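Take a look at the structure below.
In what follows, chains are A, B, ... by sequence order, proteins preceding strands, each numbered from 1. Note that these values count all heavy atoms, side chains included, but never hydrogens, waters or copies made by symmetry. As the structure is a computational prediction, the values presented were derived from the model and not from experiment.
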Amino acid sequence: MIRSFLHIKIMGIPNMILAIVTILIVLSSANDDYILLNPIHEELGTTSSYQNEIHLLDYAFHPPQFAPKPDSQPFQKGSHGELWHAERKNSSSNKSSNNQRYILKKMYIHDNQNIFNAGKREIHHGERVNAFYAMNPTVQRKVVKFVEHFITNSTTATNTTESFLWLVYIEHGKSLRDFLYKPKLMEGGSVMMEPSDFWVEMRRSAAAHSASPPTLPRTIPSGAIQIPHSHSSSKTPTPASLLMRRVLSQIISGAAHLEQLGITHRDLKPANILCRFHTSETSSVDCVLGDLSSAVDDVSVLNFYKTMPSQSEITIAYAPPEVIFGSATIDWGGYDSWSLGVVVLEILLGTPNVFSVDQRTKTIMKLKLGDEISETDFEKSLFLAALSDYCIFDGNILSEATTIVKSCTLSDFKLALLQRDQLELGFAAESSDELLDLIWKLLRFDPASRLTPTLALSHPYFSEAEVEVEQCTEDNEHLLKDINDNDNDNENNKALTENEFQKTPTTKFSIDDVLTFTCKSCKKKFHDFNSCKFHTTARNHGDHCHYGPADILPKCLSAHVMLPFHADSGYCDIKGRREKVEDFHSIVVSDEMSFYGIFDGHNGNLCSKFSASSLHKRFEFSDDILDDDEKIATMVKSAFAAHNEKFVHRHGFTDNSGSTATAVMKVSERSERAFWKTRILAMKCAKIWLQT
Amino acid sequence: MATSTTKLTHPNSFGSLARSSLKMRTISLRSAQLRTTNNDDEIIIVANIGDSSAIMVTGTEFKVLSVDHVVNAQEKERVERAGGWIENVGGVDRVNGVLAVTRSFGDWGIFEEGLVISEPHVEIIRKKRSKAEEESYIIVASDGLWDVMEFEEAKNILHRMLGNFEVEEFEKLQLASEELTMEAFVRGSKDNIATLVLKV
């Protein structure tokens, strides 16, 4: 039997000092000892014997021997386990695993079956992932490498036996969370997380780069890492945006690999994404997904969960709405896509609470809902409110309880982002439209329509540049420059922006060349409307001409989304022969009133959009004015004035756009239920929808 | 009762699975809505600035509910009194030679105070729901539609769609709005077109 002796150096990490401690573990490298363990996942799926821990107990016959040095500490310690950094002693071990560092995860399995199960899941999924990469050697590994596991026992002073499951991973840098945030000591000793210098620099350098000649960013806290800096012209995509693109493509690749394996990660978040920056002129980054302890696949869902996978293994902030609203049966598809969307949003916004709502809305909702619903339901309401802010929560689900239905365009989404932009830099630098479109498509409310990780990789955001960026080294910086210049040729991007976001009917030919008008009576054909109309009128051939072909006609940009629930109205708009959409509408149905508005913008669409989204909020139909037309008219006029003031106050200094407005309001004379109640109803509807 | 409340079922024409399951889910919600619309009077308020006109169609009649705030005698006088002037640019009379509408939201920093205002024209209609009055419809559209279509024509198109027995009741107004929009488009409208149709 061949045994290699390994040293494990354990490093206390919190203070970043490599406290080197030597421990000895005896691990076997590919020999008989492993036979009991290697097929672990095969056994697991087929027998229930694993549940009795037979195999793991067998392993306990030859536990690795190791002893941490007295001073050493895990770099993370919780109630269920510890994380250790480690290094193998390089003595007799083969290959060039020089200085390969490891992460050891120690799990307290003696008194907690759930923890043990979590460990089993990690082993199972880890080995499946290893098999995947072994079979696809050309695929770059984007999921952390699981190496090994073993169990140790110890006896405490009170003579009880403690068992620990140790999982060994290749060390893969710090978590994305550590890159994004830094702890800030608050008064009273509590610790808050705030955006890290790294994040701030990344955003700043992106913005600065796009506006003016680049400034060399400072180094980030860990010392060695510099924000990549390119020497190309200021018009090229910023290094920071390239960095962003690379990070995202790698994270999504990892999720795509899991997807191919039929594994749903279920806990994708910055804390579980591990990144390492290679410092060089054109520095590169290498990110992998970690922590498969919450994941599910066909085997683990049956064997390694006590009953069913539940919310206890996941992080609510990254869970999709179907989980939040407690859908009974979840098809895991779309789960990871949502989490990815949240992560991307988080990287952009620099806050772990991307779905926060502003304090004012919170207070109002609290006042209106507070005593009627439970705390968790209130949280859910806030979540929904945030989703509708982002235009993610679409009216289809809401039925007639919809509080607001507006033309959701990418710009609405952008606006919501801008309102949450801490640094107020905007997102122009991150080649934003494609990126935002990607996020938007990941964050679809309906799980089935979310972009899967695999499909996300072929999103235009990753097109061209990314492929080359992958290979970008010092040697081919010229290549990078070429790509940058290419990217700079914005024609393509623009076309895409228009097509994707404004759903423009793309016609290479002029529609007017192919349109035909047909007289309904005599079937005579005409090439323009007026000739046909002249014909029908002169011959008394009816009052209209049939036109076609139907498939070349533009589609409504935003047809009525409340059908069939709200059959009392219909809506259609098209861009027509204009370059831009400046017409917006709103249909707001509440118990208090029904509001319908058309807003035709000029000099841009900010004003018309703003009006479509908020004019209806300015009206107060209190019972005491409803009997008097004069009073109603006065209220309506002052509401218009207040709205105009609001817009000018908010955007007037930076925006010259304007808008017409035609509002139709339907009010019942006795209106008792408050507008905000619809939010509860909306939530209930979402529940119903999700459960059917 | 008006005939339009009769439910027409054409399982083949609109029997898509998605749609019918959608309907199934909302049965309870629909009844909830019915409860809240009681027999109280209904007040319809139409307020507008600019030229996105609105008409109400009742039976064979229509009534214009909005007032177009474009350069006309009255608005010209108001603008000039406020210190502005009217100039024809590109074939259209414009405030200070710039803006074709005389009232709007926004447009900040372009005009002096009080030149282009946001005071709306307000129209109030009271309807007795209990009396089973003839149903009325309101069409609101941006000038992209009204540039190429008379009110009368819009009314006729609406009637044509309402009388179409091949489509389900709940879709009629949606299809009417689509029809109006497309008709305006094929007639050569140069602008964005947005059309809203509602039953009151």
* Asked: Hey, does the side chain of A/Lys666 reach the backbone of B/Lys199 with a donor-acceptor pair shorter than 3.5 angstrom?
  -> yes
* Quick one: does B/Arg187's side chain have a donor or acceptor within less than 3.5 Å of a partner on A/Phe529's backbone? -> no
* Asked: For the atom pair OG1 (B/Thr181) and CD1 (A/Ile574), what is the distance rounded to the nearest 0.5 Å?
  -> 6.5 Å
* To do: Name the region of B/Ala141, side chain, backbone, both or neither, that has any atom closer than 4.5 Å to a heavy atom of chain A.
  => backbone
* **Ring centroid separation A/Phe599 to B/Phe105 under 6.0 Å** => no
* B/Glu179, part contacting chain A, at a heavy-atom distance under 4.5 Å -> both
* Can A/Val664 and B/Val140 be said to form a side-chain contact (heavy atoms from CB on, under 4.5 Å), step by step? -> CA-CA 9 Å; A/Val664 181; B/Val140 191; 3.7 Å; yes
* Toward chain A, the part of B/Val46 with a non-hydrogen atom under 4.5 Å -> both
* Asked: Looking at A/Glu645, A/Met665, A/Lys533, which one has more heavy-atom pairs under 4.5 Å with chain B than the rest?
  -> A/Met665
* Asked: Where on B/Asp51 is there a heavy atom nearer than 4.5 Å to chain A: the side chain, the backbone, both, or neither?
  -> both
* Asked: Between B/Asp107, B/Asn192, B/Leu198, which residue shows the highest count of heavy-atom pairs closer than 4.5 Å to chain A?
  -> B/Asn192
* side-chain hydrogen bond (donor to acceptor under 3.5 Å, both in side chains) between B/Ser52 and A/Thr660: does it pass, once the steps are laid out? -> CA-CA 7 Å; B/Ser52 304; A/Thr660 75; 2.7 Å; yes
* Below 4.5 Å from any heavy atom of chain A, which atoms of B/Ile125 appear? Answer side chain, backbone, both or neither. => neither
* Nearest 0.5 Å, what's the CG-CG distance between A/Asp600 and B/Asp191? -> 5.5 Å
* Verdict with supporting geometry, A/Ile632 and B/Ile45, side-chain contact (heavy atoms from CB on, under 4.5 Å) -> CA-CA 9 Å; A/Ile632 294 178; B/Ile45 301 144; 3.7 Å; yes
* **Portion of B/Ala47 that has a non-hydrogen atom of chain A nearer than 4.5 angstrom** => both
* Can you check whether B/Val122 reaches A/Lys637 side chain to side chain, under 4.5 Å on heavy atoms? -> yes
* Asked: Okay, side chain of A/Arg577, backbone of B/Phe185: is any donor-acceptor separation there less than 3.5 Å?
  -> yes
* To do: Apply side-chain contact (heavy atoms from CB on, under 4.5 Å) to A/Phe640 and B/Ile49, showing your working.
  => CA-CA 9 Å; A/Phe640 267 62; B/Ile49 48 176; 3.9 Å; yes
* Which one, B/Ser142, B/Gly50, B/Ala184, B/Ala100, leads in non-hydrogen pairs under 4.5 Å with chain A? -> B/Ser142
* Under 4.5 Å between any side-chain heavy atoms of B/Val101 and A/His602, yes or no? -> yes
* Structure fact -> Ranked by heavy-atom pairs below 4.5 Å to chain B, first place among A/Phe619, A/Phe517, A/Phe610, A/Phe647 goes to A/Phe517
* **Under 4.5 Å from any heavy atom of chain A - which part of B/Ile138** => side chain
* Within a reach of under 6.0 Å around CD of B/Glu80, are more than 12 heavy atoms found that belong to other residues, nucleotides or ligands? -> yes
* Kindly indicate whether the side chain of B/Gln174, heavy atoms from C-beta on, has any atom under 4.5 Å from the side chain of A/Ser569. => no
* Structure fact -> Note: vs chain A, highest number of non-hydrogen pairs under 4.5 angstrom among B/Ile117, B/Ile124, B/Ile44 is B/Ile124
